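Note sheet for the following structure.
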Protein chains: 2
Amino acid sequence: MDGIEVRELRYFVAVAEELSFSRAAERLGMAQPPLSRAIRQLERRLGGTLFHRDTRRVGLTELGETLLDEARYALDVLAGVGRRASRAAQDTPTLVATAKPGVATGMLPRILAAYACLPGAVPVETVVSGYREQADMVRDGRADVALVSSFFDRRGLDSEPLTTEPRAAALPAGHPLARREELRCADLHGEPMPQWPEATPAERAYWSGRDHHVAETRGRLAEDESAEVRGPTVSDPGQLIEVVALGQAVALIPRSLADANPRPDIVYRPVTDASPYTISLAWSEGSRSPHLARLVRAATDLLVPTG
Amino acid sequence: MDGIEVRELRYFVAVAEELSFSRAAERLGMAQPPLSRAIRQLERRLGGTLFHRDTRRVGLTELGETLLDEARYALDVLAGVGRRASRAAQDTPTLVATAKPGVATGMLPRILAAYACLPGAVPVETVVSGYREQADMVRDGRADVALVSSFFDRRGLDSEPLTTEPRAAALPAGHPLARREELRCADLHGEPMPQWPEATPAERAYWSGRDHHVAETRGRLAEDESAEVRGPTVSDPGQLIEVVALGQAVALIPRSLADANPRPDIVYRPVTDASPYTISLAWSEGSRSPHLARLVRAATDLLVPTG
DNA sequence: CCCGTCCATACCCGCAGAGTATAAATCTAG
DNA sequence: CTAGATTTATACTCTGCGGGTATGGACGGG
């Protein structure tokens with residue numbers, strides 16, 4: 001009846017990810033029998049089974065699925081507490097900021113410069129993060145703040161929008177839609193759209209113009225599964241531009257990305273009803289550092305002139 | 001270097017709350033020496049001291065203060081995972097909804113009735129919660145959804161606004177400000193305002209009209225410490241009305257509360273620039289139960305007609 | 001049909017965490 | 001100023017639990 005053990009959660013996540021007790025045990029650096037016992041113990045404590053085991057294959061039950069999600073979340077929170085506390089214990093307090101390479105790169109130095117001018121500013125370290133990794137880095141304490149772009153997973157984070165801009169369609173030069181001056185989301189629905197690897201359904205909806213601006217506020221619960229024509233997979237904006245130029249896809253991109261890539265073989269057309277592209281500053285809900293608060297204040301004062 | 005132990009967090013919170021190792025040990029049902037050791041070990045792991053101890057008095061260091069906050073949050077998350085998982089393991093899935101007695105009471109039955117009509121609806125249990133306790137109940141898994149009113153601590157919760165209404169000033173009948181038709185927040189700043197017990201700074205700012213609608217979006221970081229005249233302490237809306245009627249204070253209340261209490265000895269005047277009073281449905285970010293999602297959908301469809 | 005693979009069971013061990021006794025330190029009372 | 005009370009820190013012991021090893025048993029592949 002006493003609270004759950006983190007150790008058990010870690011074990012459970014490992015088994016759920018490997019779908020094998022022996023592989024999970026190896027990954028955890030332990031033997032398999034104690035792992036089995038620990039999972040059994042967790043199941044007894046919860047009063048339900050987490051895995052189907054037919055001595056050959058291991059699969060998650062429905063209960064296991066939901067616990068997996070919750071367990072990951074809880075472990076992130078816990079790791080974040082530990083990391084932030086460790087860093088706060090150092091005698092010279094420091095902030096860590098992160099941003100993905102690309103669109104938002106220019107913004108971070110300006111924010112940090114503005115912050116550095118404030119009295120009592122502490123040193124800020126900048127680290128680059130992989131695509132869509134920023135939110136995780138903030139959640140688990142590897143970073144204090146991140147520049148994130150819509151769409152991102154808001155769980156566990158507070159955020160403040162900094163800039164917002166309309167989105168445009170990037171079309172190969174000869175494309176029929178290029179003749180029109182303005183487009184709407186529905187016009188793009190039959191077209192092949194570039195795919196981002198490991199994108200969530202909500203992210204796919206946003207980048208294909210099917211999110212109906214619901215995704216912005218409560219993405220996890222929103223679902224729009226209307227059929228989508230999937231184009232080639234791309235993993236950075238440069239690839240995306242190339243794919244469009246080759247006529248393999250049509251993309252819905254932020255205006256600034258269009259402006260940064262003027263090319264004769266691509267035409268950009270505003271998409272009037274697409275939800276806008278927003279860059280936000282995000283930080284952990286768990287953290288109440290005054291230094292962090294000042295950095296956030298500096299960023300909003302700089303980019304969202306009060307009015 | 002390995003992640004933090006929950007046991008350590010529990011111990012730390014106990015000591016931080018009791019500000020005494022021996023009392024904390026008693027509360028935890030253990031002896032005092034192992035507690036001291038555990039805290040020392042935690043301090044070594046973090047690389048900083050958490051308590052000032054002069055063998056007579058124990059006090060939190062700055063690091064301790066921030067860790068206390070984070071630790072409470074993390075423990076809530078963990079407890080929530082455990083409770084939700086235990087409940088999900090029962091063969092008959094159930095949802096638990098909570099609301100404070102008072103303003104929002106009438107709304108919950110309507111939501112639940114609308115939900116109950118849906119196919120596949122599961123039984124919903126209703127529990128009442130103390131004032132401002134709803135968010136905690138959702139965080140630590142005692143409830144799945146809560147009707148919460150601005151202002152509340154959003155950490156760890158997703159929420160969806162259901163209704164929003166302007167706020168008005170409640171003034172004793174003979175009050176000078178009662179002569180004017182409309183007021184602004186600044187007009188109230190010199191007046192004594194009722195105090196809610198254990199209110200956070202952000203809550204005090206909201207109820208005294210000093211939040212500048214910043215509190216709505218990022219309350220934790222907002223601070224407005226301009227001097228406030230504190231009136232008598234009240235713990236429910238009925239008391240608040242009485243206190244105003246007796247001429248002991250002036251209050252900033254939601255319009256519906258004013259409408260529900262027409263009295264000859266109180267006059268209500270709209271406060272045009274006060275941030276509105278919002279009732280939201282809140283649930284844990286950690287949870288992805290489809291039943292919960294349907295309940296949320298039912299509530300929003302009922303109260304926020306799509307348009 | 002046999003062998004390999006993978007999970008479960010049985011049993012043992014070591015250590016971390018908890019208890020007891022006690023010292024050291026500081027405040028209070030008189 | 002001193003004696004007692006209170007509270008944290010130290011020293012030592014012990015026990016329970018988490019982990020390891022060996023092995024059994026079930027299923028699938030060849």
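Nothing here was measured: the structure is a model prediction, and the numbers come from that model. Quick note on labels: first sequence line is chain A, next is B, and so on, each numbered from 1.
Closest approach to the A:Pro33 side chain among D:dA11, D:dA22, C:dA18 is made by D:dA22 (side chain taken as heavy atoms from C-beta onward). Residue B:Phe21 places its side chain closer to D:dT8 than to any other of C:dA18, D:dT8, C:dG17.
Within 4.0 Å of A:Phe51, counting heavy atoms only, lies no atom of the nucleic acid at all. Across all strands, B:Arg7 comes closer than 4.0 Å only to sugar-phosphate atoms, never to a base (heavy-atom distances).
The distance from the CZ atom of A:Phe21 to the CZ atom of A:Arg37 is 13.0 Å, given to the nearest 0.5 Å.
D:dA26 atom C1' lies 19 Å from atom NE2 of A:His52, rounded to whole Å. Nucleotide C:dG19 holds its C1' atom 15 Å from the CG atom of B:Leu28, rounded to whole Å. Distance, A:Glu8 CD to D:dC17 P: 13 Å, rounded to whole Å. Taking atom CZ on B:Arg10 and atom C1' on C:dG17, their separation rounds to 15 Å, with Å as the unit. In this structure, the CZ atom of B:Arg57 is 15 Å from the P atom of D:dA9, given to the nearest Å. Rounding to whole angstrom units, CD of residue B:Gln32 and C1' of D:dT10 are separated by 10 Å. In this structure, CG of B:Leu19 is placed 10 Å from P of D:dT8, rounded to the nearest angstrom. Taking atom OH of A:Tyr11 as the reference point, atom P of C:dC7 lies 16 Å away to the nearest angstrom.
Between B:Ser36 and D:dT8 there is no side-chain N or O to OP1 or OP2 distance below 4.0 Å. A close approach under 4.0 Å does occur between a side-chain nitrogen or oxygen of A:Arg40 and OP1 or OP2 of C:dA8. Side-chain N/O atoms of A:Ser22 include one lying less than 4.0 angstrom from OP1 or OP2 on C:dC7.
Between the side chains of B:Thr98 and B:Ser129, at least one donor N or O sits under 3.5 Å from an acceptor N or O. For the 3.5 Å distance criterion, the side chains of B:Gln32 and B:Ser36 qualify, holding a donor opposite an acceptor.
The backbone N or O of B:Leu118 lies less than 3.5 Å from no partner atom in the side chain of B:Arg294, so there is not a single donor-acceptor pair.
For the salt bridge (Lys or Arg N to Asp or Glu O under 4.0 Å) criterion with A:Asp144, the lone passing option out of A:Arg87, A:Arg139, A:Arg84 is A:Arg87.
Of the residues near DNA chain D, B:Ser20 and A:Met30, the one whose nearest nucleotide (by heavy atom distance) lies more toward the 5' end is B:Ser20.
At a cut-off of 3.5 angstrom, counting only N and O atoms as typed in the model, there is no donor on one side facing an acceptor on the other between the side-chain of A:Arg37 and the base of C:dA8.
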